[in-house]
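Report on the following structure.
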Amino acid sequence: VPGMDTWVKRANMPITRGHASSSTIDYGCGFIIIGGTQRGKGQVTDISYYDTVTDTWTNIGNLPKNVNTPVCDISLDVRGEDWLYCETGKFEGYSYKRKINTGWDQQG
C-alpha cells in the first residue's frame, strides 16, 4: 500500500524497558506494557498504557513487587469486567490479578 511502508515517530515510552514481550497486551485503542527490566537497574514494576489515538502514555499502576519477566493477559469475568492476570515468572511462584485501574489480589 503506498505510504504505508515508512515508520512514523510517536511518543517515547515513559521508561525504557526490555523483557516485556510476554506482558504486552492489546487493549482498547492501544496496548498495556506490564513490568520488564531496565539495563543496569533491574526489574520494573510500572504498568503503562499507550493510547494509539492520542499518542500518549499513562501509568495505570504497578506490580505489587519486583518480579522477573511476568506473563500477563486480560480476561473478562462473568460480569463483563476486565481483569489483568499476571504470573510472576522465574522462581517466585505467585499469581496476581487486578481489575484494570484497581488494586492487586495475590492468588498463590
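Computation of the quantities below employed the complete heavy-atom set of this structure, encompassing side-chain atoms and omitting hydrogens, waters and symmetry-equivalent molecules.
Taken from CD1 in Ile25 to CG in Asp73, the straight-line distance is 5.0 Å, to the nearest 0.5 Å. Put simply, CD1 on Ile47 and CD1 on Ile33 are 11.5 Å apart, with the number rounded to the nearest 0.5 Å. We find the CD1-CG distance between Ile74 and Leu84 to be 5.5 Å, quoted to the nearest 0.5 Å.
Remark: side-chain polar atoms of Gln38 are paired, donor with acceptor, to backbone N or O of Thr16 under 3.5 angstrom. Of the possible polar contacts, one joining the Asn59 side chain to the Gly61 backbone as a donor-acceptor pair under 3.5 Å is found.
With Val44 as reference, Ile15 is the one residue of Leu63, Thr37, Asn62, Ile15 to meet the side-chain contact (heavy atoms from CB on, under 4.5 Å) rule. Exactly one residue among Pro64, Ser23, Cys72, Ser22 makes a side-chain contact (heavy atoms from CB on, under 4.5 Å) with Cys86. That residue is Cys72.
When all heavy atoms of Ala20 and Gly35 are compared, the closest pair comes out as CB-O, 4.2 Å.
Relative orientation of the Phe31 and Trp57 rings is perpendicular, given thresholds of 30° and 60° on the angle between their planes.
Residue pairs meeting the disulfide bond (SG atoms under 2.5 Å apart) criterion with at least one member in residues 9-55: none, sequence neighbours excluded. Residue pairs meeting the salt bridge (charged side-chain N to carboxylate O under 4.0 Å, His left out) criterion with at least one member in residues 10-37, sequence neighbours excluded: Arg10-Asp55.
Shown here are the ring-ring contact (aromatic ring centres under 6.0 Å, His included) partners of Tyr27, two or more places apart in sequence or in another chain: there are none. Checked against ring-ring contact (aromatic ring centres under 6.0 Å, His included), Tyr49 has no partners two or more places apart in sequence or in another chain. Under the side-chain contact (heavy atoms from CB on, under 4.5 Å) criterion, Thr54 pairs with Asp51, Thr56, not counting sequence neighbours. Residues forming a side-chain contact (heavy atoms from CB on, under 4.5 Å) with Arg79 (at least two apart in sequence, or on another chain): Asp77, Glu81.
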